[in-house]
Amino acid sequence: MDQFMKKAIQLAVENVEQGGQPFGAVLVRNGEVIAEGVNELHIRFDVSGHAELLAIRRAQEMLQTLDLGDCTMYASGEPCAMCLTAMYFAGIKKVYFSATVDDAEKVGLGLSKMIYLDLTKERHDRKIDMIHMPNNQTQPDPMKNWKEKGRN
């Protein structure tokens, strides 16, 4: 097994021993670990405190960039939709994972699988009510302002 995956799994095992969930992540660039994370939900009471997100935040802060396109993520578990989305935004192109969302579901951590399935549905069929409220020009249009500023 790859050394970086071994490290991600080791972090996950240690996190379970400390009362956390079985998730660890290692972000690698050019064969070097640049950031790590474990799920810290139990410490910070923050649902976004997932191992992969914390590794991404730490790397972006350290490198002072949003672009992690030259990095590879190693995760002890298949990333949830939130973490995977962050990887898309950060430009990460390769993710290695050990346990699957099905494995997580078998031990009582099935929310990731439910969310993946829910996101395949049309907006009006999802478990969260998604209600569109168009601006109708009663307020300045931030999208128009963005375009006028020439930002991409």
Side-chain angles (χ1 to χ4, degrees), residues 1-123 125-132 142-143 145-147 149-152:
M1 180 179 286
D2 181 279
Q3 66 178 338
F4 303 121
M5 183 58 73
K6 283 182 182 176
K7 179 64 176 173
I9 293 170
Q10 176 190 348
L11 288 168
V13 169
E14 290 170 3
N15 200 43
V16 170
E17 294 302 316
Q18 296 171 9
Q21 294 177 329
F23 300 106
V26 176
L27 195 59
V28 176
R29 183 171 85 172
N30 299 326
E32 220 177 292
V33 174
I34 60 167
E36 299 175 349
V38 296
N39 275 34
E40 295 183 359
L41 285 70
H42 65 295
I43 297 170
R44 306 205 187 285
F45 302 99
D46 173 4
V47 296
S48 71
H50 287 203
E52 299 91 336
L53 284 178
L54 294 173
I56 288 169
R57 286 179 191 150
R58 291 170 181 149
Q60 288 177 327
E61 185 175 348
M62 180 186 72
L63 300 171
Q64 292 294 290
T65 184
L66 297 176
D67 182 8
L68 299 177
D70 58 350
C71 295
T72 301
M73 181 68 74
Y74 291 81
S76 64
E78 185 173 357
C80 72
M82 176 176 61
C83 293
L84 185 60
T85 300
M87 289 180 221
Y88 275 105
F89 276 110
I92 296 170
K93 295 173 184 64
K94 190 175 284 188
V95 180
Y96 293 95
F97 64 92
S98 185
T100 67
V101 292
D102 291 321
D103 296 330
E105 182 180 44
K106 289 173 188 168
V107 298
L109 297 165
L111 192 55
S112 289
K113 185 173 181 179
M114 183 281 295
I115 293 170
Y116 268 122
L117 293 172
D118 205 47
L119 288 173
T120 65
K121 298 175 183 174
E122 293 294 323
R123 196 179 295 135
D125 290 330
R126 293 184 188 151
K127 292 188 182 297
I128 294 177
D129 290 335
M130 300 286 294
I131 300 130
H132 182 217
M143 295 296 177
N145 291 356
W146 174 264
K147 184 176 180 181
K149 299 273 187 208
R151 298 186 179 142
N152 298 3

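Note that these values count all heavy atoms, side chains included, but never hydrogens, waters or copies made by symmetry. This one's a predicted model, so the numbers in the text were calculated from it and none came from an experiment.
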Next item on the list: Identify the two heavy atoms, one from Gly37 and one from Leu54, that lie closest to each other, and give their separation to 0.1 Å.
Entry: CA-CB, 4.5 Å
Checklist line | Gap separating the CD1 atom of Ile34 from the CG atom of Leu63, nearest 0.5 angstrom | finding: 5.0 Å
Next item on the list: Nearest 0.5 Å please: distance from the NZ atom of Lys93 over to the SG atom of Cys71.
Entry: 9.5 Å
Notebook entry, point to check: Among all residues two or more places apart in sequence or in another chain, which pass the salt bridge (charged side-chain N to carboxylate O under 4.0 Å, His left out) test with Lys121?
Noted result: Asp118
Notebook entry, point to check: Can any side-chain N or O of Asp103 pair as donor or acceptor with the backbone N or O of Thr100 at less than 3.5 Å?
Noted result: yes
Note to self: Are the side chains of Leu84 and Tyr116 in contact, using a 4.5 Å heavy-atom criterion?
What the structure shows: yes
Margin query: List the residues meeting side-chain hydrogen bond (donor to acceptor under 3.5 Å, both in side chains) with Lys113, not counting sequence neighbours, and say none if there are none.
Written below: Asp102, Glu105
Checklist line | Qualifying ring pair (Phe, Tyr, Trp, His ring centres under 6.0 Å) pairs, either residue in residues 6-26, two or more places apart | finding: none
Item checked: Exercise: identify the closest heavy-atom pair between Ala35 and Ala55 -> CB-O, 3.2 Å
Note to self: I want to check something: taking the side chain as every heavy atom from C-beta on, are Met87 and Pro79 in contact at a cut-off of under 4.5 Å?
What the structure shows: yes
Note to self: Does Tyr74 form a side-chain contact (heavy atoms from CB on, under 4.5 Å) with Asp2? I'd like the steps, not just the answer.
What the structure shows: CA-CA 10 Å; Tyr74 291 81; Asp2 181 279; 3.6 Å; yes
Note to self: Any side-chain to backbone donor/acceptor pair from Ser76 onto Gly24? Under 3.5 Å, distance only.
What the structure shows: yes
Check: Say you draw a straight line from CG of Asn39 to SG of Cys80; how long is it, rounded to the nearest 0.5 Å?
Finding: 8.0 Å
Next item on the list: To the nearest 0.5 angstrom, please state how far the CG atom of Leu119 sits from the OG1 atom of Thr85.
Entry: 7.5 Å
Next item on the list: Specify the closest pair of heavy atoms between Leu53 and Cys83, including all atoms of both residues, with the distance to one decimal.
Entry: CG-SG, 3.9 Å
Note to self: Run the side-chain contact (heavy atoms from CB on, under 4.5 Å) test on Asn15 and His42 for me, step by step, so that the C-alpha distance in whole Å, both residues' side-chain angles and the decisive distance to 0.1 Å come before the verdict.
What the structure shows: CA-CA 10 Å; Asn15 200 43; His42 65 295; 3.6 Å; yes
Notebook entry, point to check: Taking everything shown except Met62 itself, do over 12 heavy atoms lie less than 6.0 Å from its CE?
Noted result: yes
Next item on the list: May I ask you to decide if Glu32's main-chain N or O and Asn30's side chain share a donor-acceptor pair within less than 3.5 Å?
Entry: no
Check: Can you find a pair of side-chain heavy atoms, one from Ile115 and one from Met82, that are under 4.5 Å apart?
Finding: no
Note to self: Enumerate the salt bridge (charged side-chain N to carboxylate O under 4.0 Å, His left out) contacts for residues 63-82, please, sequence neighbours excluded, ordered by first and then second residue.
What the structure shows: Arg29-Asp70
Notebook entry, point to check: Taking atom OG1 of Thr72 and atom CD1 of Ile92, what is their separation to the nearest 0.5 Å?
Noted result: 8.5 Å
Next item on the list: Could you list the residues that satisfy salt bridge (charged side-chain N to carboxylate O under 4.0 Å, His left out) with Arg126, not counting sequence neighbours?
Entry: none
Checklist line | Summary of side-chain hydrogen bond (donor to acceptor under 3.5 Å, both in side chains) pairs that have at least one residue in residues 45-64, sequence neighbours excluded | finding: Glu40-Arg58, Asp46-Ser48, Ser48-Arg57
Next item on the list: Begin with the C-alpha distance, continue with both residues' side-chain angles, and end with the deciding distance and a verdict on side-chain contact (heavy atoms from CB on, under 4.5 Å) for Val33 and Lys7.
Entry: CA-CA 10 Å; Val33 174; Lys7 179 64 176 173; 5.6 Å; no
Check: How far apart are the C-alpha atoms of Leu41 and Gln21, what are their side-chain angles, what is the distance that settles it, and do they pass the side-chain contact (heavy atoms from CB on, under 4.5 Å) test?
Finding: CA-CA 8 Å; Leu41 285 70; Gln21 294 177 329; 4.2 Å; yes
Margin query: Measuring only between side-chain heavy atoms, which start at C-beta, is Leu11 closer than 4.5 Å to Glu36?
Written below: yes
